[in-house]
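The structure displayed is predicted, hence computed values, not measured ones. The figures that follow rest on heavy atoms only: side chains count, while hydrogens, waters and symmetry mates do not.
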Amino acid sequence: MKQEMVFGLHAVEALLQSEPERVKSIWLLKGRDDDRLQRIHQLAMQNGISCQPAARKALDDKAGSPQHQGVVAAAKAAPVKGEAELDALLDNTEQPLLLILDGVTDPHNLGACLRSADATGVHGVIVPRDRSASLGPVVRKVAVGAAENVPLFQVTNLARTMRELQQRGIWIVGTAGEADHDLYQAKLTGPLALCMGAEGKGMRRLTREHCDELISIPMAGVVTSLNVSVATGVCLFEAVRQRRN
């Protein structure tokens, strides 16, 4: 079974709460004894998982990063969710709210998008199997627990998946600077998939052509575009606002 390293306080705690059976062992920063690390230690002990003290350099090496916040876990790699799991989710969801990310390759951006997706109640995030960041340790760390709560579906053919969503009655709204109306003029209620493009390039041509509607985010200053994770948060929270009315 393939193994992955999960690090960061939120990510490790969320993993212990949601899928403790995946965690094989945990290393905690030697000499650190605050409430957050104690909570992780207690959760691990409750699930029969060993915790070992480790020096900061050892944690840096295990995580491949100094941004581990004093905790690193070795876990069985989660199985990749694909088209079959997406179909199962949609079969059991009446008013789905989905997020499609076309070519978001920066793990920090993917983690931040997952965090916004979790905050806004998104049922699932869809990415292409190629040309996308995957659920690695950096994504999990940036997502601060959201990666363990919001399912990520990697699909082989994004355009085909979009067509299948449309056949299910899901309206696909994509963001594009040249759109003839903006986010606040769009109807974002009902079964909906919001499609966001890659950093700097936007959506690929085929992805854009498979959207039912294109919208822009109104920009008042000299900056002409937003980081994809910021734009995702803006659009998702507008969808939440509309869906609550």
Which donor-acceptor pairs under 3.5 Å do side chains of residues 113-128 form with protein atoms, sequence neighbours excluded?
residue : atom : partner : partner atom : Å
D118    : OD1  : N149    : ND2          : 2.5
T120    : OG1  : S116    : O            : 2.8
T120    : OG1  : A117    : O            : 3.3
H123    : ND1  : L97     : N            : 2.9

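For the pair N92 (side chain) and A88 (backbone), a donor-acceptor distance under 3.5 Å is present. No side-chain donor-acceptor contact under 3.5 Å links R22 to the backbone of A77. Of the possible donor and acceptor atoms, one in the side chain of S65 sits under 3.5 Å from a partner among the backbone N and O of Q67. The main-chain N or O of A14 is never found under 3.5 Å from a side-chain atom of Q17 such that the two would form a donor-acceptor pair. A distance-only check finds no donor-acceptor pair linking the side chain of E148 to the backbone of L15 [under 3.5 Å].
Under 4.0 Å is where a charged nitrogen must lie from a carboxylate oxygen, and between D34 and R39 no such pair does. Salt bridge annotation for R208-E178: present, with a cationic side-chain nitrogen under 4.0 angstrom from a carboxylate oxygen. The pair E213-K187 fails the salt-bridge criterion, with no side-chain N (NZ, NE, NH1 or NH2) lying under 4.0 Å from an Asp/Glu carboxylate O. Using a cutoff of 4.0 Å between basic side-chain nitrogens and carboxylate oxygens, D91 and R168 are scored as salt-bridged. In summary, R140 and E4 engage in a salt bridge, as defined by a charged side-chain N under 4.0 Å from a carboxylate O.
The hydrophobic cluster containing L101 does not contain F153, counting ILVMFWY residues as joined when their side-chain heavy atoms lie under 4.5 angstrom apart, directly or transitively. Neither M203 nor L206 shares a network with the other; the hydrophobic side chains, linked directly or stepwise wherever heavy atoms of I, L, V, M, F, W or Y lie under 4.5 Å apart, form separate groups for each. Cluster membership for V144 and V139, using ILVMFWY side-chain heavy atoms within less than 4.5 angstrom, is not shared. If you chain together hydrophobic residues whose side chains sit under 4.5 Å apart, I172 and L183 never meet in one group. Tracing side-chain contacts under 4.5 Å through hydrophobic residues (I, L, V, M, F, W, Y), one never reaches L135 starting from V6; they form parts of separate clusters.
One distance of note links CE of M162 with CG of D102; it measures 8.0 Å at 0.5 Å rounding. One distance of note links CH2 of W27 with NE2 of H68; it measures 12.5 Å at 0.5 Å rounding. Taking CG of D182 as the reference point, atom OG1 of T175 lies at 12.5 Å (rounded to 0.5 Å). Rounded to the nearest 0.5 angstrom, C195 SG and L192 CG are separated by 11.0 Å. For the atom pair CG of L59 and CG of D61, the computed distance is 9.0 Å after rounding to the nearest 0.5 Å. Taking CH2 of W171 as the reference point, atom SG of C211 lies at 10.5 Å (rounded to 0.5 Å).
Between L28 and Q52 there is no side-chain heavy-atom pair separated by less than 4.5 Å. Here the side chains of L214 and V173 are not in contact, with every heavy-atom distance at 4.5 Å or above. L226 places a side-chain heavy atom less than 4.5 Å from the side chain of I217. Between M196 and I100 there is no side-chain heavy-atom pair separated by less than 4.5 Å.
Paired with L158 under the rule side-chain contact (heavy atoms from CB on, under 4.5 Å), one option of R131, R204, H210 passes, and it is R204.
Between the side chains of Q46 and Q42, not a single donor N or O lies within less than 3.5 Å of an accepting N or O.
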